[in-house]
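Heads up, the thing below is written out as structure tokens.
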Amino acid sequence: VFFIFSCNNTVKGPNGVVYKNAQEYNDYIINRQTDILKQILAFGETAQYDTDSAEILLNNSIRDIDNAIKDIKGMPAYKGNTELRDAAISSFSFYKKIFSNEYKQILNIKRKPELGESDINEIQSLVDKISNEEKAYDERFHNAQVKFAKDNNMQMRENEMQKEIDKVN
């Protein structure tokens with residue numbers, strides 16, 4: 001009986017959520033990441049055709065990402081480990097920054113009546129900057145998740161949403 005209880009170390013964070021095991025803890029974070037990735041894809045698609053709708057998406061996404069950050073900050077350490085949680089907070093903060101800055105800059109350029117070569121180059125430069133910065137956040141998050149999975153005897157599966165983001169970039 002003691003062994004069963006030690007496997008199900010229930011923890012409750014300041015965010016009010018109870019995590020019964022490592023899988024639930026991991027999935028709680030990954031579900032928020034997936035929501036953010038969906039918002040990135042929706043923005044990219046919408047920005048091509050309707051900058052006003054894209055701006056509404058941006059503003060809603062910034063609010064949603066901010067809530068996700070607060071929520072993840074409310075998670076306790078899992079068995080003393082905060083690496084996955086902290087990597088998620090860092091990654092989500094990066095996404096909030098690009099929604100607040102670079103994506104808004106891209107929309108402002110796209111709103112011009114006519115786009116010249118310099119405008120297209122500026123958009124591409126912003127996209128390249130985002131992609132380059134994102135690599136470090138993705139790597140840190142991935143490494144933290146691999147370590148968390150290993151430490152808790154979990155199997156990893158690839159996030160299909162990340163593949164779609166990579167295609168867009």
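All heavy atoms count here, side chains included; hydrogens, waters and symmetry mates do not.
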Residue pair [X] / [Y], side-chain heavy-atom distance below 4.5 Å:
| X | Y | value |
| --- | --- | --- |
| F99 | Q39 | yes |
| I109 | L126 | yes |
| I30 | Q145 | yes |
| I40 | L37 | yes |
| I65 | I69 | yes |

State whether a side-chain donor-acceptor pair under 3.5 Å links Q124 with D128.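 Checked: Q124/D128 side chains pair up, N/O donor to acceptor below 3.5 Å.
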
Using atom types as modelled and distance alone, determine if a side-chain donor or acceptor of R63 lies under 3.5 Å from a backbone N or O of N59.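 No: the side chain of R63 does not pair with the backbone of N59.
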
Once you round to the nearest 0.5 Å, how far does [atom1] of [X] lie from [atom2] of [Y]?
| X | Y | atom1 | atom2 | answer |
| --- | --- | --- | --- | --- |
| N152 | N26 | CG | CG | 9.0 Å |
| D71 | N31 | CG | CG | 11.0 Å |
| K135 | D138 | NZ | CG | 10.0 Å |
| I36 | Y95 | CD1 | OH | 7.5 Å |
| D27 | N21 | CG | CG | 8.5 Å |
| N60 | E55 | CG | CD | 11.0 Å |

Report the C-alpha distance between V127 and I106 in whole Å, list the side-chain angles of each, state the deciding distance to 0.1 Å, and finish with yes or no for side-chain contact (heavy atoms from CB on, under 4.5 Å). CA-CA 9 Å; V127 170; I106 289 170; 4.2 Å; yes

Just jot down the side chain to side chain donor-acceptor pair (under 3.5 Å) partners of D151, sequence neighbours excluded, or say none.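 Residues passing side chain to side chain donor-acceptor pair (under 3.5 Å) with D151: K147.
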
Atom CD of E139 with >12 non-hydrogen neighbours under 6.0 angstrom: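 Counting neighbours around CD of E139, 12 or fewer heavy atoms of other residues, nucleotides or ligands fall under 6.0 Å, so no.
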
Under 3.5 Å, which donor-acceptor pairs link side chains of residues 83-92 to any protein atom two or more places apart or in another chain?
unit_1, atom_1, unit_2, atom_2, d
R85, NH1, M75, O, 2.7
D86, OD2, T82, OG1, 3.0
S90, OG, R140, NH1, 3.1

Residue pairs passing the salt bridge (charged side-chain N to carboxylate O under 4.0 Å, His left out) test where at least one lies in residues 89-109, sequence neighbours excluded: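 Residue pairs with at least one partner in residues 89-109: D66-K96, K97-E102, K97-E133, E102-K129.
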
My understanding is that only residues two or more places apart in sequence, or in another chain, count here; which of them pass salt bridge (Lys or Arg N to Asp or Glu O under 4.0 Å) with K150?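 Salt bridge (Lys or Arg N to Asp or Glu O under 4.0 Å) check on K150 returns nothing, list empty.
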
Using every non-hydrogen atom in the two residues, find where Y28 and R32 come nearest and quote the distance to one decimal.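 What the structure gives for the nearest pair is O-NH1, 2.9 Å.
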
For the residue pair T51 and R111, what are the closest heavy atoms and their distance?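 Taking T51 first and R111 second, the nearest heavy atoms are O-NH2, 3.3 Å.
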
By ring pair (Phe, Tyr, Trp, His ring centres under 6.0 Å) - contacts of F141 (at least two apart):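 F141 satisfies ring pair (Phe, Tyr, Trp, His ring centres under 6.0 Å) with no residue once adjacent residues are dropped.
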
Residues two or more places apart in sequence or in another chain: which of them pass ring pair (Phe, Tyr, Trp, His ring centres under 6.0 Å) with F148?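 Scan of F148 (ring pair (Phe, Tyr, Trp, His ring centres under 6.0 Å), adjacent residues dropped) gives Y25, Y78.
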
same_hphob_cluster(I62, L57) at 4.5 Å side-chain heavy-atom cutoff: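 No, separate clusters.
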
ILVMFWY cluster, L107 and I98 together (side-chain gap under 4.5 Å):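 Yes; I98 is reachable from L107 via cluster members.
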
